[in-house]
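Because the structure is a prediction, the values reported are computed rather than measured.
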Amino acid sequence: MLTLIKNGEVYAPEYLGKKDILITDEKIGFIEDAIEWPSALPVKIIDADGQYIFPGFIDSHVHIIGGGGEGSYRTRTPEIQLTQATMNGITTLVGVIGTDGTTRTMQSLIAKARGLEEEGITCFVHTGSYQVPVKTLTGKIEDDIILIDRIIGAGEIAISDHRSSQPTLEEMAKIASAARIGGMLSGKAGIVNVHLGDSPSKLSLLQDVVEKTDIPVKTFHPTHINRNRNLFEAGIEYAKNGGYVDFTTSTVRRFLEMGEVKCSSGLKEMLDAGVPIENITFTSDGQASLPEFDEQGVLIGLQIGQVTSLYKEVKDAILLENVPIEKALRVITLNPAAVLKLKDKGEVKQGKAADLVLVDKKSLEISSVFAKGTLMVHEKEALVKGTFE
């Protein structure tokens with residue numbers, strides 16, 4: 001059945017004004033000032049008066065099969081469920097493996113991605129985990145990207161962290177080269193997702209690779225850039241020099257008290273510092289463990305990352321930091337779509353995927369969510385649930 005959304009104000013993410021949107025199958029068929037439909041023809045009509053219409057959100061760093069384990073086996077975190085994403089406006093996920101590249105495998109990651117696709121949302125993955133050499137599915141990074149449809153990049157590769165494999169410049173350059181070639185030959189992003197820890201070395205390894213090899217700076221997508229003030233300030237310069245930077249929205253109060261930069265205020269600070277908006281993304285690090293270590297690297301606390309934090313920080317940027325809606329939205333829509341070369345995602349545009357989020361104009365609270373043309377959430381109620389929910 002066709003779906004006609006009427007009277008909503010569209011941020012595509014640029015402001016388009018009040019528009020009607022006709023969804024045809026999984027795509028946006030038409031966007032017009034007004035679309036009249038003969039009553040004799042079957043169509044589901046949704047009145048979006050008093051609501052904004054946003055592109056579906058892209059969360060490009062989620063531990064979809066769970067993560068953690070830094071406090072032994074009992075601290076392994078659970079996998080994500082469908083409505084955790086859809087109730088929070090997330091219609092596209094990118095799954096990653098973190099610290100544990102032994103009991104969390106690429107086979108399981110791809111199987112979970114395919115399961116989420118069957119349940120109604122879009123899901124891709126990166127090949128590998130924290131460890132170097134990279135543990136791939138086929139034995140080679142470029143083969144994974146070229147031959148496996150759901151694999152679009154490599155990572156998350158850990159640097160500047162006591163849990164990383166301490167990769168050398170040569171090792172990181174070879175990873176980046178393999179991912180980049182795989183992306184070129186398959187029409188995919190071929191991006192390298194890089195985990196940043198608390199080490200004083202910060203982004204220096206990536207900067208060395210860019211300076212001493214032919215690898216372009218935009219081959220890397222470093223995340224957790226807001227982990228501490230020193231890393232954040234280094235990230236400003238890195239992004240002003242052309243690199244991507246990714247904020248992690250999941251946090252706890254103690255991390256913020258210890259110097260982590262809140263994403264909403266950090267976004268405003270970066271924009272004020274002259275960082276191009278297109279170089280900034282937000283991700284949730286959902287289902288990851290949020291471990292706290294003492295100075296000797298001993299685990300002293302653990303919580304779980306939440307995908308609910310993704311839109312919350314965007315909303316805080318709009319409501320508390322006065323970042324314009326069209327700019328704040330970009331970090332979870334158009335920007336990650338561009339970084340990851342997801343050509344039909346990230347925009348409300350004719351011919352693009354019908355991934356849409358309807359929110360109240362005053363509170364910005366999510367009301368309804370479409371994923372691939374299907375109404376997944378309506379009036380804050382999940383209409384489609386995961387198989388075991």
Side-chain angles (χ1 to χ4, degrees), residues 60-63 65-70 94-110 124-148 151-184 188-225 227 231 234 238 243-246 248 283 285 288-289 291 293 297:
S60 58
H61 188 108
V62 179
H63 296 266
I65 57 173
E70 290 96 335
V94 179
V96 295
I97 298 174
T99 318
D100 180 5
T102 299
T103 70
R104 310 286 191 181
T105 67
M106 285 304 302
Q107 290 90 338
S108 293
L109 191 70
I110 291 172
F124 297 98
V125 303
H126 291 316
T127 188
S129 57
Y130 273 22
Q131 286 77 38
V132 174
V134 177
K135 296 181 178 181
T136 64
L137 187 68
T138 66
K140 295 177 67 177
I141 292 172
E142 55 266 55
D143 288 3
D144 275 17
I145 295 172
I146 293 168
L147 299 175
I148 310 299
I151 298 177
I152 58 174
E156 62 177 304
I157 310 298
I159 67 170
S160 301
D161 195 303
H162 65 92
R163 294 166 292 173
S164 83
S165 300
Q166 312 305 319
T168 64
L169 184 152
E170 182 178 359
E171 287 173 325
M172 186 58 78
K174 287 185 179 298
I175 291 167
S177 176
R180 186 167 181 270
I181 293 298
M184 291 171 63
K188 297 178 184 176
I191 203 86
V192 181
N193 182 271
V194 180
H195 163 101
L196 297 171
D198 282 306
S199 169
S201 57
K202 301 186 284 288
L203 291 148
S204 60
L205 180 58
L206 303 187
Q207 292 167 321
D208 287 347
V209 171
V210 172
E211 290 171 5
K212 297 177 182 180
T213 75
D214 297 320
I215 301 297
V217 67
K218 283 187 166 59
T219 304
F220 299 109
H221 193 200
T223 189
H224 315 319
I225 201 70
R227 181 182 292 276
L231 179 59
Y238 182 83
Y244 296 129
V245 289
D246 182 65
T248 298
T283 58
D285 205 15
S289 63
F293 299 95

Do any N or O atoms from the side chain of Glu156 and from the backbone of Gly128 form a donor-acceptor pair under 3.5 angstrom?
no

Atom pair CD1 (Ile97) and OG1 (Thr127), whose distance is rounded to the nearest 0.5 Å:
7.5 Å

Can you give each donor-acceptor pair under 3.5 Å made by side-chain atoms of residues 203-214, sequence neighbours left out, with the distance rounded to 0.1 Å?
from	atom 1	to	atom 2	distance (Å)
Ser204	OG	Ser201	O	2.7
Thr213	OG1	Val209	O	2.5
Thr213	OG1	Ile215	N	3.1

What are the two closest non-hydrogen atoms of Gly101 and Ser129, and how far apart are they?
CA-OG, 3.7 Å

For Ile225 and Leu231, what are the C-alpha separation, side-chain angles and deciding distance, and is it a side chain to side chain contact (heavy atoms under 4.5 Å, CB included)?
CA-CA 6 Å; Ile225 201 70; Leu231 179 59; 4.2 Å; yes

If you apply the rule side chain to side chain contact (heavy atoms under 4.5 Å, CB included), what do you find for Met106 with Ile151, and how did you get there?
CA-CA 10 Å; Met106 285 304 302; Ile151 298 177; 3.9 Å; yes

Between Thr99 and Glu70, do the side chains contain a donor N or O and an acceptor N or O under 3.5 Å apart?
yes

Start with the C-alpha distance between Arg227 and Thr248, add both sets of side-chain angles, then the distance that settles side chain to side chain contact (heavy atoms under 4.5 Å, CB included), and finish with yes or no.
CA-CA 8 Å; Arg227 181 182 292 276; Thr248 298; over 6 Å; no

At what distance, to the nearest 0.5 angstrom, does CG of Asn193 lie from CG of Asp246?
7.5 Å

Closest heavy-atom pair and its distance - Gly95, Leu109:
O-CD2, 3.8 Å

Using a 3.5 Å distance criterion without hydrogens, assess whether the side chain of Asp285 forms a donor-acceptor pair with backbone atoms of Ala288.
no

At their closest point, which heavy atom of Ser60 faces which heavy atom of His221, and how far apart are they?
OG-CE1, 4.1 Å

Inter- and intrachain pairs under salt bridge (Lys or Arg N to Asp or Glu O under 4.0 Å), touching residues 132-147, at least two apart:
Lys140-Glu142

Straight-line distance of Ile157 CD1 to Ile175 CD1, nearest 0.5 Å
4.5 Å

Would you say Arg104's side chain and Ile65's backbone share a donor-acceptor pair under 3.5 angstrom?
yes

Report the C-alpha distance between Thr102 and Gln131 in whole Å, list the side-chain angles of each, state the deciding distance to 0.1 Å, and finish with yes or no for side chain to side chain contact (heavy atoms under 4.5 Å, CB included).
CA-CA 10 Å; Thr102 299; Gln131 286 77 38; over 6 Å; no

Would you confirm whether the ring centroid of His195 sits within less than 6.0 angstrom of the ring centroid of His61?
no

Residue pairs fulfilling salt bridge (Lys or Arg N to Asp or Glu O under 4.0 Å) with at least one residue in residues 167-183, sequence neighbours excluded:
none

Between the side chain of Lys188 and the main-chain N/O of Ile145, is any donor-acceptor distance below 3.5 Å?
yes

Which one of Pro167, Ser164, Ser165 satisfies the side-chain contact (heavy atoms from CB on, under 4.5 Å) criterion with Ile159?
Pro167

Verify, without hydrogens or angle tests, whether Ser160 (side chain) and Lys202 (backbone) share a donor-acceptor contact under 3.5 angstrom.
yes

Would you indicate whether the side-chain heavy atoms of Thr223 and Leu196 approach each other to under 4.5 Å?
no

How far apart are the closest heavy atoms of Tyr244 and Phe220, and which atoms are they?
CD1-O, 3.5 Å

